[in-house]
Amino acid sequence: MNEGLGKSAALHVGLIVVLAAIQFVLPEYHQGNLARIMVLAGYAAGYNILFGYTGLLSLGHALFFAAGMYGMGLSIRLLDAAPAPALLAGLAAGAVVSLVIGVLALRTAGVAFMIVTLMFAQAGYLTILLMGAYTRGDEGFVISQAQRVMWGIDLSDPVNRYYAALILFAACLLVTLRLLRTRFGRALIAIRENEERARMLGYDVFRLKLGAVVISGTMSAASGAAYGLLFGYAGAGFASVQYSIFPLLWVLLGGAGTALGPFVGTLFMFYLIDLSSGLTTAYMLVAGVVLVLVTLFAPQGLAGELRRRAWRWLP
Amino acid sequence: MSLLRTRGLTRRFDGLTAVEDVDFDLPEGQVRALIGPNGAGKTTFVSMLCGRIWPTCGTVEFAGRDVSALPAHKRIALGMAYTFQITSVFPRLTVAENVGLAARRVRLEGEGARLAQALKRVGLGAHHKALAGDLSYGHQRLLEIAMGLAQEPRLLILDEPTQGLTDAEIDAFKALVRALKAATTILLIEHNMSVVMEVADRVTVLDFGKVLAEGPPAAIRADRAVQAAYLGAPA
Ligand SMILES: Nc1ncnc2c1ncn2[C@@H]1O[C@H](COP(=O)(O)OP(=O)(O)O)[C@@H](O)[C@H]1O
Ligand SMILES: [Mg+2]
């Protein structure tokens, strides 16, 4: 187990170092893409805590992503907050929303849980549209370059933005890896594997799942807040069903229940769409076929397959 | 003093009364066997003790405290442990992780000795790195018992633990129960009469959800009503 720990540390630290270094050689277009991918991978990592490690399939995570984005964005837009407190407001909004949704939705399980989370997220989406006076609805609002200077660092600058995205992603990865070493994290896996057994071993299953929803929701909100701040825009589209499905796809593709999976899946899917849309207008078809192939030949996702075939120690 | 006490414990499923008005007292330190034909309500009865299912009515007291309204995790925190009749382990986790989860401790490395002890006691010491799902049926039964032991409970409830074990494993199980006796009160649902006769201090017989008889093993074996319940012959 210790030997696995060393390898895991080397792999994940290695990834962060590579991402930090690669910035120097990447063309600006890909640098921007990778910044976006890293923030979205943070979102996927949050989703993975609940789906991959606890075994709860939510179809409403866009609500948490949007809670972060609007918690941050509206603090700036309406209260003229500085970026740092605005980010904190986004985190707090995510924590509160996920706590409330968790308490309500965790009374259900399985398909009912999927439907309840979907309904709550739709309610959130409609709320954003209805509160157009503050949120500007579908159209959204821009956060200007002047409002995005944090501690003297201009986050609209591509290099600064890249490193800010990397810090967020590294934090999400670290929280995931750390969580897996705790009793709490092990208990989440026990719930995923056999909930009734976990309950009869004395675990307070409801409280543990609620904890997972809050950590997952807050991590998703952190990514939503960062996304809005780094790319200077908040819009209702980020609260739509599509943004609840995305993290599910990314995590499934990359490998649910692997720390690396969310990043791998986000990267893969982003470039799959990017490259195929350059080739043909039927790019969704190409993307769809590739997704089906991956599902057929790597049903546990890319990193999951890697764990199954070669690296059994992969957390 | 009784470690465990039930009064009027009853559970109905739709029209069927699986357990009916059971008053049950289990003194601390005793090994009690619970026997009865299939469908007598044994699993339902013990499931109500540990909070796996709620009773229709009646009370459960544990260590002098009314635990009837407590959820399973709180009863288990008070020192009950329950092992499943239908093996229920974490199949995709290793044997060591299974027992570690039962012990509710994280640092498996640090607690290694403790966990190894629980595994060794049931004879699974050599298998700690195997995936639980890859174990044979008998070994999964033993793992189930080890998960009970790892909790170091005051009351250990075992639901047909020897089902599917080899003769040698059953002998080892008998020795294990005798060794545990000093520290743990045991409630054992058991079909194997040699196990009941050799390890139980007292036996309770359940039939159609009711207590049919209770007494020392030899007296129970001689009881004609019990024979009738088992053999289907008139008393
Ligand atoms: N969840 C349930 N729903 C309906 N009937 C049940 C349920 N659990 C048990 N029973 C019924 O209750 C009776 C007692 O079952 P059980 O406690 O499993 O008996 P035993 O363990 O003595 O074999 C049986 O008739 C069984 O079919
Ligand atoms: Mg039974």
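Chain naming here is simple, since letters A, B, ... match the order of the sequence lines and numbering starts at 1 in each.
For the pair A:E195 and A:R199, the salt-bridge criterion is not met [side-chain N within less than 4.0 Å of a carboxylate O]. The existence of a salt bridge linking B:D25 and B:R7 is confirmed by a sub-4.0 Å separation between a basic side-chain nitrogen and an acidic carboxylate oxygen. We find that B:R141 and B:E169 are not joined by a salt bridge, their nearest charged nitrogen and carboxylate oxygen being 4.0 Å or further apart. A salt bridge links B:E144 to A:R197: at least one charged side-chain nitrogen sits closer than 4.0 Å to a carboxylate oxygen.
Enclosure of atom CZ in A:F297 is not indicated, since only 12 or fewer non-hydrogen atoms of other residues, nucleotides or ligands lie within 6.0 angstrom.
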Going by atom type alone, with no hydrogens or angles, which donor-acceptor pairs under 3.5 Å involve a side-chain atom of residues 261-268 of chain A and a protein atom two or more places apart or on another chain?
{"residue": "A:T266", "atom": "OG1", "partner": "A:P262", "partner atom": "O", "Å": "2.5"}

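Proximity to chain A among residues 37-73 of chain B is limited to B:C50, B:G51, B:R52, B:A72, B:H73, judged by heavy-atom separations below 4.5 angstrom.
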